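Down below is the structure, laid out as structure tokens.
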Amino acid sequence: LRDIMDGGNRFSVEEQIEGMIKGKTISMKGKSVKLIEGEPNAYNLDTWAGELRDENTIVGTSLDSEGVKGNFTMIRVR
């Protein structure tokens with residue numbers, strides 16, 4: 001996951017997730033996180049709800065444990 005926090009600080013984390021796929025609907029929940037790059041003040045594990053757009057793309061919304069919402073696009077990396 002790469003992100004830009006308020007104030008312009010960039011960071012990357014590796015988040016281990018588990019989830020379910022039902023048709024084109026996908027739900028995922030973060031289980032653990034490891035900082036790859038940058039220095040976020042804190043990182044809260046996310047819960048995602050999305051839709052499979054094609055075999056390589058998931059688009060949806062996220063919510064962390066403090067109620068911070070976001071939008072995401074996940075693209076398969078080969």
Side-chain angles (χ1 to χ4, degrees):
L1 169 70
R2 291 187 181 102
D3 203 349
I4 302 174
M5 298 175 67
D6 294 338
N9 296 333
R10 296 175 183 262
F11 69 94
S12 296
V13 296
E14 178 180 295
E15 189 167 353
Q16 297 295 316
I17 60 174
E18 66 180 21
M20 296 182 66
I21 301 172
K22 186 173 184 178
K24 290 190 170 198
T25 301
I26 298 173
S27 60
M28 299 172 284
K29 184 171 181 155
K31 300 311 261 177
S32 65
V33 67
K34 177 175 121 180
L35 179 64
I36 302 297
E37 177 183 12
E39 296 183 27
N41 294 333
Y43 187 83
N44 298 303
L45 294 174
D46 297 300
T47 299
W48 295 277
E51 181 179 295
L52 187 61
R53 291 287 170 94
D54 58 44
E55 65 183 34
N56 297 310
T57 311
I58 301 170
V59 176
T61 58
S62 64
L63 180 67
D64 75 13
S65 60
E66 290 188 344
V68 177
K69 297 177 182 179
N71 298 311
F72 72 87
T73 300
M74 290 185 181
I75 299 171
R76 183 188 308 252
V77 177
R78 298 183 190 252

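All of these numbers come straight from a predicted model, not from anything done at the bench.
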Just list the side-chain donor-acceptor pairs under 3.5 Å for residues 63-73, sequence neighbours left out, or say none.
{"residue": "D64", "atom": "OD1", "partner": "E66", "partner atom": "N", "Å": "2.8"}
{"residue": "D64", "atom": "OD1", "partner": "G67", "partner atom": "N", "Å": "3.2"}
{"residue": "D64", "atom": "OD1", "partner": "V68", "partner atom": "N", "Å": "3.0"}

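- Of all heavy-atom pairs between R76 and E55, the closest is NH2-O, 2.6 Å.
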- Message: Assess the residue pair W48 and I17 against the criterion (side chain to side chain contact (heavy atoms under 4.5 Å, CB included)); give the C-alpha distance rounded to whole Å, side-chain angles, the decisive distance to 0.1 Å, and a yes or no.
- Response: CA-CA 10 Å; W48 295 277; I17 60 174; 3.1 Å; yes
Compile the donor-acceptor pairs under 3.5 Å between side chains in residues 18-27 and protein atoms, sequence neighbours left out, one pair per line.
none

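- Looking only at distances, no side-chain donor or acceptor of R53 sits under 3.5 Å from a matching main-chain atom of V59.
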- Item | Criterion side chain to side chain contact (heavy atoms under 4.5 Å, CB included) on E15 and M28, from CA distance to verdict | CA-CA 11 Å; E15 189 167 353; M28 299 172 284; over 6 Å; no
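- For the atom pair E37 CD and E14 CD, the distance stands at 13.5 Å (nearest 0.5 Å).
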